[in-house]
Protein chains: 2
Amino acid sequence: MKLKLNKQSWLKHGLTELSQNGSEALKADRLAKSLKVSRGSFYWHFADLVDFHEHLLAYWQEMVTQQVINDVDLLHDSQSKVRELVRHAFAGDVRLERAMRSWSAQNKMASDATEIVDNKRIDYLTNLLVAEDIAPTTARARAAFLYWAYLGQAMTRASSSEYLPDTALDEIIDLFLMPSAEIAGTKTI
Amino acid sequence: MKLKLNKQSWLKHGLTELSQNGSEALKADRLAKSLKVSRGSFYWHFADLVDFHEHLLAYWQEMVTQQVINDVDLLHDSQSKVRELVRHAFAGDVRLERAMRSWSAQNKMASDATEIVDNKRIDYLTNLLVAEDIAPTTARARAAFLYWAYLGQAMTRASSSEYLPDTALDEIIDLFLMPSAEIAGTKTI
DNA sequence: AGACAGCCATACAGTTGTGTATGGTTGGGG
DNA sequence: CCCCAACCATACACAACTGTATGGCTGTCT
(Lines give C-alpha, C1' and ligand atoms only; values in the text may rest on other atoms or scores of the structure.)
Protein backbone atom coordinates (compact mmCIF):
# COMPACT_ATOMS: atom_id res chain seq x y z
CA MET A 1 0.00 0.00 0.00
CA LYS A 2 1.11 3.51 -0.70
CA LEU A 3 0.76 5.89 2.22
CA LYS A 4 -1.91 8.39 1.39
CA LEU A 5 -1.80 12.10 1.89
CA ASN A 6 -4.20 14.40 3.67
CA LYS A 7 -4.68 18.15 3.75
CA GLN A 8 -2.05 18.52 6.46
CA SER A 9 0.56 16.70 4.38
CA TRP A 10 0.10 19.18 1.58
CA LEU A 11 0.21 22.16 3.93
CA LYS A 12 3.40 21.04 5.64
CA HIS A 13 5.02 20.40 2.32
CA GLY A 14 3.76 23.75 1.11
CA LEU A 15 5.52 25.64 3.88
CA THR A 16 8.72 23.68 3.32
CA GLU A 17 8.71 24.44 -0.37
CA LEU A 18 7.82 28.06 0.28
CA SER A 19 10.74 28.55 2.62
CA GLN A 20 13.18 26.81 0.31
CA ASN A 21 12.06 27.94 -3.12
CA GLY A 22 9.88 30.98 -2.61
CA SER A 23 6.27 31.59 -3.46
CA GLU A 24 6.75 30.46 -7.04
CA ALA A 25 6.94 26.93 -5.68
CA LEU A 26 3.36 27.17 -4.42
CA LYS A 27 1.79 25.75 -7.56
CA ALA A 28 -0.21 22.58 -7.85
CA ASP A 29 2.12 21.41 -10.55
CA ARG A 30 5.40 21.77 -8.67
CA LEU A 31 4.08 20.67 -5.31
CA ALA A 32 2.71 17.48 -6.79
CA LYS A 33 5.97 16.81 -8.56
CA SER A 34 8.04 17.27 -5.42
CA LEU A 35 5.62 15.03 -3.52
CA LYS A 36 5.81 12.48 -6.30
CA VAL A 37 2.10 12.36 -6.85
CA SER A 38 -0.10 13.76 -9.58
CA ARG A 39 -2.13 16.94 -9.45
CA GLY A 40 -5.18 14.72 -9.12
CA SER A 41 -4.38 14.41 -5.44
CA PHE A 42 -4.01 18.15 -5.04
CA TYR A 43 -7.35 18.88 -6.62
CA TRP A 44 -9.02 16.27 -4.50
CA HIS A 45 -7.95 17.96 -1.26
CA PHE A 46 -8.30 21.57 -2.42
CA ALA A 47 -10.80 23.23 -4.69
CA ASP A 48 -8.17 25.33 -6.42
CA LEU A 49 -4.96 27.23 -5.78
CA VAL A 50 -6.66 30.03 -3.88
CA ASP A 51 -8.26 27.51 -1.55
CA PHE A 52 -4.87 25.92 -0.90
CA HIS A 53 -3.24 29.27 -0.26
CA GLU A 54 -5.93 30.20 2.24
CA HIS A 55 -5.40 27.01 4.18
CA LEU A 56 -1.64 27.44 4.02
CA LEU A 57 -1.78 30.95 5.45
CA ALA A 58 -4.09 29.87 8.26
CA TYR A 59 -1.76 27.00 9.04
CA TRP A 60 1.20 29.37 9.13
CA GLN A 61 -0.54 31.84 11.42
CA GLU A 62 -1.41 29.04 13.82
CA MET A 63 2.17 27.79 13.72
CA VAL A 64 4.01 31.04 14.38
CA THR A 65 1.76 32.19 17.18
CA GLN A 66 1.96 28.83 18.92
CA GLN A 67 5.72 28.94 18.54
CA VAL A 68 6.20 32.16 20.48
CA ILE A 69 4.10 30.85 23.35
CA ASN A 70 6.20 27.71 23.57
CA ASP A 71 9.48 29.53 23.33
CA VAL A 72 9.30 32.52 25.63
CA ASP A 73 5.93 32.88 27.26
CA LEU A 74 6.72 30.49 30.05
CA LEU A 75 9.49 32.67 31.40
CA HIS A 76 8.43 34.77 34.35
CA ASP A 77 9.86 38.28 34.39
CA SER A 78 9.26 40.50 31.40
CA GLN A 79 12.87 41.60 31.00
CA SER A 80 13.98 38.01 30.47
CA LYS A 81 11.17 37.57 28.00
CA VAL A 82 12.29 40.55 25.97
CA ARG A 83 15.89 39.39 25.89
CA GLU A 84 14.99 35.83 25.06
CA LEU A 85 12.54 36.95 22.39
CA VAL A 86 14.96 39.27 20.64
CA ARG A 87 17.92 36.91 20.87
CA HIS A 88 15.83 34.05 19.63
CA ALA A 89 14.49 36.12 16.75
CA PHE A 90 17.90 37.25 15.59
CA ALA A 91 19.43 33.80 15.89
CA GLY A 92 16.67 31.74 14.33
CA ASP A 93 16.07 30.50 10.83
CA VAL A 94 14.51 33.29 8.82
CA ARG A 95 13.94 31.60 5.51
CA LEU A 96 10.25 30.98 5.98
CA GLU A 97 9.74 34.46 7.34
CA ARG A 98 11.50 35.96 4.35
CA ALA A 99 9.63 33.86 1.84
CA MET A 100 6.29 34.67 3.46
CA ARG A 101 7.14 38.36 3.48
CA SER A 102 8.21 38.24 -0.13
CA TRP A 103 4.98 36.54 -1.04
CA SER A 104 3.00 39.19 0.85
CA ALA A 105 4.37 41.89 -1.36
CA GLN A 106 2.68 40.28 -4.35
CA ASN A 107 -0.41 38.68 -2.90
CA LYS A 108 -3.34 40.28 -1.11
CA MET A 109 -4.27 37.20 0.90
CA ALA A 110 -0.73 36.69 2.15
CA SER A 111 -0.50 40.38 2.90
CA ASP A 112 -3.60 40.19 5.09
CA ALA A 113 -2.14 37.25 6.99
CA THR A 114 1.22 38.86 7.66
CA GLU A 115 -0.45 42.07 8.75
CA ILE A 116 -2.36 40.18 11.43
CA VAL A 117 0.78 38.41 12.59
CA ASP A 118 2.72 41.68 12.60
CA ASN A 119 0.17 43.36 14.82
CA LYS A 120 0.03 40.44 17.22
CA ARG A 121 3.80 40.35 17.57
CA ILE A 122 4.16 44.08 18.07
CA ASP A 123 1.36 44.10 20.62
CA TYR A 124 2.96 41.26 22.52
CA LEU A 125 6.31 43.01 22.62
CA THR A 126 4.71 46.32 23.57
CA ASN A 127 3.13 44.72 26.60
CA LEU A 128 6.48 43.32 27.70
CA LEU A 129 8.05 46.76 27.50
CA VAL A 130 5.16 48.37 29.36
CA ALA A 131 5.67 45.80 32.10
CA GLU A 132 9.20 47.17 32.33
CA ASP A 133 7.77 50.57 33.23
CA ILE A 134 8.24 52.17 29.85
CA ALA A 135 5.57 54.68 28.91
CA PRO A 136 2.94 53.08 26.62
CA THR A 137 3.45 55.28 23.57
CA THR A 138 7.22 54.95 23.86
CA ALA A 139 6.86 51.23 24.38
CA ARG A 140 4.75 50.87 21.30
CA ALA A 141 7.23 52.78 19.15
CA ARG A 142 10.17 50.80 20.49
CA ALA A 143 8.36 47.52 20.04
CA ALA A 144 7.55 48.33 16.44
CA PHE A 145 11.11 49.43 15.81
CA LEU A 146 12.58 46.29 17.34
CA TYR A 147 10.24 44.12 15.35
CA TRP A 148 10.99 45.93 12.13
CA ALA A 149 14.69 45.43 12.72
CA TYR A 150 14.06 41.71 13.02
CA LEU A 151 12.04 41.72 9.84
CA GLY A 152 14.62 43.74 7.94
CA GLN A 153 17.39 41.46 9.08
CA ALA A 154 15.32 38.52 7.91
CA MET A 155 15.03 40.11 4.47
CA THR A 156 18.76 40.59 3.98
CA ARG A 157 20.90 37.76 2.82
CA ALA A 158 23.85 38.36 5.15
CA SER A 159 23.66 36.57 8.47
CA SER A 160 22.89 38.95 11.30
CA SER A 161 25.96 37.90 13.30
CA GLU A 162 28.13 39.39 10.59
CA TYR A 163 27.04 42.86 11.59
CA LEU A 164 25.69 42.14 15.01
CA PRO A 165 27.68 39.92 17.38
CA ASP A 166 25.89 38.75 20.52
CA THR A 167 27.39 41.40 22.78
CA ALA A 168 26.40 44.17 20.38
CA LEU A 169 22.86 42.86 20.27
CA ASP A 170 22.72 42.89 24.08
CA GLU A 171 23.88 46.50 24.05
CA ILE A 172 21.07 47.42 21.72
CA ILE A 173 18.52 45.58 23.82
CA ASP A 174 19.79 47.67 26.73
CA LEU A 175 18.99 50.78 24.73
CA PHE A 176 15.43 49.68 24.24
CA LEU A 177 14.99 48.78 27.89
CA MET A 178 16.11 52.20 29.08
CA PRO A 179 13.49 54.18 31.00
CA SER A 180 11.95 56.86 28.83
CA ALA A 181 13.01 59.65 31.18
CA GLU A 182 16.73 58.95 30.93
CA ILE A 183 16.92 59.91 27.31
CA ALA A 184 15.98 63.55 27.67
CA GLY A 185 18.75 63.94 30.22
CA THR A 186 21.49 62.55 28.03
CA LYS A 187 20.08 63.99 24.84
CA THR A 188 22.13 67.12 24.39
CA ILE A 189 25.68 66.18 25.08
CA MET B 1 5.18 59.49 -36.37
CA LYS B 2 5.04 57.38 -33.25
CA LEU B 3 7.56 58.25 -30.60
CA LYS B 4 10.05 55.44 -30.37
CA LEU B 5 11.36 53.77 -27.28
CA ASN B 6 14.92 53.17 -26.20
CA LYS B 7 16.50 51.01 -23.52
CA GLN B 8 15.97 53.69 -20.89
CA SER B 9 12.24 53.88 -21.62
CA TRP B 10 11.92 50.18 -20.93
CA LEU B 11 13.99 50.38 -17.75
CA LYS B 12 12.03 53.30 -16.33
CA HIS B 13 8.80 51.58 -17.10
CA GLY B 14 10.18 48.39 -15.61
CA LEU B 15 10.84 50.03 -12.24
CA THR B 16 7.42 51.64 -12.25
CA GLU B 17 5.70 48.36 -12.92
CA LEU B 18 7.86 46.58 -10.38
CA SER B 19 6.94 49.02 -7.63
CA GLN B 20 3.26 48.94 -8.49
CA ASN B 21 2.68 45.31 -9.38
CA GLY B 22 5.62 43.36 -8.04
CA SER B 23 8.21 41.27 -9.79
CA GLU B 24 5.59 39.28 -11.64
CA ALA B 25 5.06 42.32 -13.79
CA LEU B 26 8.63 42.08 -15.09
CA LYS B 27 7.74 39.96 -18.10
CA ALA B 28 8.20 40.91 -21.71
CA ASP B 29 4.57 40.19 -22.33
CA ARG B 30 3.08 42.41 -19.65
CA LEU B 31 5.57 45.23 -20.03
CA ALA B 32 4.88 45.43 -23.72
CA LYS B 33 1.14 45.45 -23.12
CA SER B 34 1.33 48.25 -20.55
CA LEU B 35 3.56 50.22 -22.92
CA LYS B 36 1.14 49.55 -25.77
CA VAL B 37 3.75 48.05 -28.04
CA SER B 38 4.47 44.50 -29.07
CA ARG B 39 7.13 42.23 -27.66
CA GLY B 40 9.04 42.79 -30.88
CA SER B 41 10.26 46.06 -29.41
CA PHE B 42 11.36 44.40 -26.19
CA TYR B 43 13.35 41.75 -27.95
CA TRP B 44 15.00 44.33 -30.12
CA HIS B 45 16.38 46.23 -27.11
CA PHE B 46 17.16 43.23 -24.92
CA ALA B 47 18.45 39.80 -25.76
CA ASP B 48 16.10 38.09 -23.34
CA LEU B 49 14.49 38.49 -19.94
CA VAL B 50 17.71 37.89 -18.03
CA ASP B 51 19.42 40.61 -20.02
CA PHE B 52 16.59 43.02 -19.21
CA HIS B 53 16.69 42.14 -15.52
CA GLU B 54 20.43 42.75 -15.38
CA HIS B 55 20.04 46.20 -16.89
CA LEU B 56 17.13 46.95 -14.61
CA LEU B 57 19.09 46.08 -11.49
CA ALA B 58 22.07 48.13 -12.58
CA TYR B 59 19.75 51.06 -13.29
CA TRP B 60 18.18 50.70 -9.84
CA GLN B 61 21.54 50.58 -8.07
CA GLU B 62 22.63 53.71 -9.87
CA MET B 63 19.37 55.41 -8.95
CA VAL B 64 19.28 54.66 -5.24
CA THR B 65 22.91 55.52 -4.59
CA GLN B 66 22.63 58.78 -6.47
CA GLN B 67 19.49 59.57 -4.51
CA VAL B 68 21.17 59.46 -1.11
CA ILE B 69 23.93 61.76 -2.25
CA ASN B 70 21.42 64.30 -3.48
CA ASP B 71 19.28 64.11 -0.39
CA VAL B 72 21.57 64.16 2.59
CA ASP B 73 25.20 64.20 1.64
CA LEU B 74 25.33 67.94 1.18
CA LEU B 75 24.52 68.58 4.81
CA HIS B 76 27.56 69.40 6.88
CA ASP B 77 27.53 67.89 10.37
CA SER B 78 27.09 64.19 10.73
CA GLN B 79 24.37 64.34 13.36
CA SER B 80 22.11 66.27 11.00
CA LYS B 81 22.89 63.75 8.31
CA VAL B 82 21.83 60.87 10.51
CA ARG B 83 18.60 62.56 11.49
CA GLU B 84 17.78 63.62 7.99
CA LEU B 85 18.65 60.18 6.63
CA VAL B 86 16.50 58.28 9.09
CA ARG B 87 13.57 60.68 8.93
CA HIS B 88 13.68 60.66 5.18
CA ALA B 89 13.85 56.87 5.07
CA PHE B 90 10.88 56.38 7.36
CA ALA B 91 8.79 58.99 5.60
CA GLY B 92 9.53 58.10 2.00
CA ASP B 93 7.73 55.91 -0.48
CA VAL B 94 8.75 52.32 0.15
CA ARG B 95 6.89 50.50 -2.60
CA LEU B 96 9.89 50.11 -4.87
CA GLU B 97 12.08 49.07 -1.98
CA ARG B 98 9.56 46.47 -0.91
CA ALA B 99 9.06 45.13 -4.41
CA MET B 100 12.79 44.90 -4.99
CA ARG B 101 13.28 43.13 -1.69
CA SER B 102 10.48 40.73 -2.47
CA TRP B 103 12.04 40.00 -5.82
CA SER B 104 15.40 39.38 -4.17
CA ALA B 105 13.97 36.56 -2.12
CA GLN B 106 13.24 34.65 -5.32
CA ASN B 107 15.96 35.73 -7.68
CA LYS B 108 19.71 35.34 -7.39
CA MET B 109 20.56 38.34 -9.57
CA ALA B 110 18.27 40.65 -7.63
CA SER B 111 19.63 39.24 -4.41
CA ASP B 112 23.17 40.10 -5.45
CA ALA B 113 22.13 43.65 -6.27
CA THR B 114 20.33 44.29 -3.02
CA GLU B 115 23.20 42.84 -1.04
CA ILE B 116 25.55 45.37 -2.60
CA VAL B 117 23.14 48.22 -1.86
CA ASP B 118 22.63 46.98 1.69
CA ASN B 119 26.34 46.99 2.38
CA LYS B 120 26.82 50.44 0.90
CA ARG B 121 24.01 51.90 2.96
CA ILE B 122 25.14 50.31 6.21
CA ASP B 123 28.71 51.42 5.60
CA TYR B 124 27.58 54.96 4.93
CA LEU B 125 25.52 55.07 8.11
CA THR B 126 28.31 53.48 10.12
CA ASN B 127 30.68 56.24 9.10
CA LEU B 128 28.20 58.90 10.18
CA LEU B 129 27.91 57.31 13.62
CA VAL B 130 31.66 56.96 13.95
CA ALA B 131 31.92 60.66 13.18
CA GLU B 132 29.67 61.16 16.20
CA ASP B 133 32.32 59.53 18.38
CA ILE B 134 30.63 56.18 18.69
CA ALA B 135 33.01 53.23 18.90
CA PRO B 136 33.42 51.56 15.48
CA THR B 137 32.06 48.13 16.40
CA THR B 138 29.12 49.67 18.25
CA ALA B 139 28.54 52.04 15.35
CA ARG B 140 28.47 49.20 12.89
CA ALA B 141 25.96 47.24 14.95
CA ARG B 142 23.74 50.27 15.44
CA ALA B 143 23.91 51.20 11.78
CA ALA B 144 22.89 47.72 10.74
CA PHE B 145 20.09 47.70 13.26
CA LEU B 146 18.78 51.09 12.15
CA TYR B 147 18.91 50.04 8.54
CA TRP B 148 17.15 46.77 9.22
CA ALA B 149 14.38 48.63 10.99
CA TYR B 150 13.92 50.75 7.89
CA LEU B 151 13.81 47.66 5.72
CA GLY B 152 11.40 45.86 8.00
CA GLN B 153 9.12 48.85 8.10
CA ALA B 154 9.23 48.95 4.32
CA MET B 155 8.13 45.32 4.20
CA THR B 156 5.08 45.82 6.38
CA ARG B 157 1.90 47.17 4.93
CA ALA B 158 0.99 49.52 7.75
CA SER B 159 2.32 53.02 7.41
CA SER B 160 5.17 53.67 9.82
CA SER B 161 3.48 56.72 11.32
CA GLU B 162 0.79 54.47 12.71
CA TYR B 163 3.22 52.99 15.17
CA LEU B 164 5.91 55.61 15.08
CA PRO B 165 4.92 59.28 15.21
CA ASP B 166 7.64 61.82 14.45
CA THR B 167 8.46 62.53 18.08
CA ALA B 168 8.80 58.85 18.87
CA LEU B 169 11.17 58.40 15.94
CA ASP B 170 13.29 61.27 17.21
CA GLU B 171 13.46 59.62 20.61
CA ILE B 172 14.72 56.43 19.01
CA ILE B 173 17.29 58.30 16.97
CA ASP B 174 18.46 59.77 20.27
CA LEU B 175 18.99 56.27 21.57
CA PHE B 176 21.21 55.42 18.64
CA LEU B 177 23.21 58.61 18.99
CA MET B 178 24.02 57.94 22.64
CA PRO B 179 27.70 57.56 23.42
CA SER B 180 28.61 53.90 23.91
CA ALA B 181 29.91 54.48 27.45
CA GLU B 182 26.64 55.82 28.83
CA ILE B 183 24.89 52.54 28.45
CA ALA B 184 26.90 50.53 30.93
CA GLY B 185 26.18 53.12 33.56
CA THR B 186 22.41 53.12 33.16
CA LYS B 187 22.23 49.42 32.44
CA THR B 188 21.18 47.98 35.76
CA ILE B 189 18.42 50.15 37.06
C1' DA C 1 17.00 59.29 -54.64
C1' DG C 2 18.77 55.27 -52.49
C1' DA C 3 20.47 52.76 -48.81
C1' DC C 4 20.94 51.74 -44.22
C1' DA C 5 20.24 51.66 -39.26
C1' DG C 6 16.87 51.82 -35.79
C1' DC C 7 12.53 50.41 -34.27
C1' DC C 8 8.36 47.74 -34.26
C1' DA C 9 4.39 44.16 -35.66
C1' DT C 10 3.03 39.63 -36.65
C1' DA C 11 3.12 34.82 -36.76
C1' DC C 12 4.88 30.43 -35.14
C1' DA C 13 6.51 26.71 -32.08
C1' DG C 14 7.49 25.41 -27.54
C1' DT C 15 6.98 25.42 -22.32
C1' DT C 16 4.60 25.67 -18.02
C1' DG C 17 0.87 25.99 -15.60
C1' DT C 18 -4.56 25.67 -14.62
C1' DG C 19 -8.93 23.26 -13.79
C1' DT C 20 -12.10 19.43 -14.98
C1' DA C 21 -13.76 14.92 -16.25
C1' DT C 22 -13.36 10.32 -15.82
C1' DG C 23 -11.93 6.18 -14.24
C1' DG C 24 -8.80 3.19 -11.28
C1' DT C 25 -7.21 1.40 -6.63
C1' DT C 26 -7.59 0.43 -1.70
C1' DG C 27 -9.35 -0.30 2.97
C1' DG C 28 -12.90 -0.83 6.30
C1' DG C 29 -18.10 -1.28 7.80
C1' DG C 30 -22.62 -3.57 6.99
C1' DC D 1 -18.26 -10.37 0.26
C1' DC D 2 -19.34 -6.15 -1.55
C1' DC D 3 -19.74 -1.53 -1.65
C1' DC D 4 -18.75 3.05 -0.60
C1' DA D 5 -15.70 6.62 0.55
C1' DA D 6 -11.18 8.25 0.27
C1' DC D 7 -7.53 8.95 -2.61
C1' DC D 8 -4.91 9.17 -6.85
C1' DA D 9 -3.62 8.88 -12.20
C1' DT D 10 -4.45 10.19 -16.79
C1' DA D 11 -6.04 12.88 -20.41
C1' DC D 12 -8.03 17.04 -22.32
C1' DA D 13 -8.87 21.99 -23.33
C1' DC D 14 -7.27 26.32 -22.26
C1' DA D 15 -4.34 30.34 -20.91
C1' DA D 16 -0.02 32.89 -20.19
C1' DC D 17 4.42 33.45 -21.43
C1' DT D 18 9.01 32.71 -24.00
C1' DG D 19 12.13 33.29 -27.89
C1' DT D 20 12.80 33.49 -32.94
C1' DA D 21 12.10 34.50 -37.75
C1' DT D 22 10.61 37.62 -40.93
C1' DG D 23 9.11 41.59 -42.89
C1' DG D 24 7.44 46.63 -42.66
C1' DC D 25 8.04 51.50 -41.64
C1' DT D 26 10.76 55.89 -40.82
C1' DG D 27 14.25 59.22 -40.42
C1' DT D 28 19.01 60.30 -41.73
C1' DC D 29 23.26 60.29 -44.25
C1' DT D 30 25.55 60.47 -48.72
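In the text below, chain A, chain B and the rest are named by the order of the sequence lines, each starting its count at 1. Hydrogens, waters and symmetry mates are skipped; everything else that's a heavy atom, side chains included, is used.
Rounding to whole angstrom units, NE2 of residue B/H53 and P of D/dT18 are separated by 8 Å. The interatomic distance linking B/L35 (CG) with C/dC8 (P) rounds to 9 Å, in whole Å. B/W10 places its CH2 atom 13 Å from the P atom of C/dC7, with the value rounded to the nearest Å. If you take CZ of A/F42 and P of C/dG17, they are 13 Å apart, rounded to a whole angstrom. Protein atom NZ of B/K4 is 14 Å distant from nucleotide atom P of C/dA5, rounded to whole Å. Taking atom CZ of residue B/F46 and atom C1' of nucleotide D/dT20, one finds them 18 Å apart after rounding to whole Å. Atom CG in B/L5 sits roughly 13 Å away from atom C1' in C/dA9 (whole-Å rounding).
In this structure, A/W10 and A/H45 have tilted ring planes: the angle between them lies in the 30° to 60° band.
Residues from residues 13-31 of chain B lying near DNA chain C, meaning a heavy-atom separation below 4.0 Å, are absent.
Side chain of A/L49, nearest nucleotide from C/dC8, D/dG19, C/dT18: C/dT18. Out of D/dA9, D/dG19, D/dC7, the shortest distance to the side chain of B/Y43 is found at D/dG19. Candidate nucleotides D/dA9, C/dA11, C/dG19 were compared by shortest atom distance to the side chain of B/R39, and C/dA11 ranks first.
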Exercise. Check the pair A/M178, A/T138 against side chain to side chain contact (heavy atoms under 4.5 Å, CB included), reporting the backbone distance first and the verdict last.
Key: CA-CA 11 Å; A/M178 280 183 62; A/T138 306; over 6 Å; no
Practice problem: In sequence, state the C-alpha distance, the side-chain angles, and the governing distance for A/W103 and A/H53, and then conclude on ring-ring contact (aromatic ring centres under 6.0 Å, His included). | Solution: CA-CA 11 Å; A/W103 188 22; A/H53 290 161; 5.2 Å; yes
Self-check item: Worked verdict on A/S23 versus A/N107 for side chain to side chain contact (heavy atoms under 4.5 Å, CB included)
Solution: CA-CA 10 Å; A/S23 59; A/N107 183 284; over 6 Å; no
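Applying the salt bridge (Lys or Arg N to Asp or Glu O under 4.0 Å) test to pairs two or more places apart or on separate chains, none has a residue in residues 45-54 of chain A.
Between D/dA6 and A/H45, no contact under 4.0 Å exists linking OP1 or OP2 to a side-chain N or O.
Residues A/Y163 and A/F90 keep their aromatic ring centres 6.0 Å or farther apart.
A donor atom on one side chain and an acceptor atom on the other are not found under 3.5 Å apart for A/T126 and A/D123.
For the pair B/W44 and A/K33, both in contact range of DNA chain C, the more 5′-proximal nearest nucleotide belongs to B/W44.
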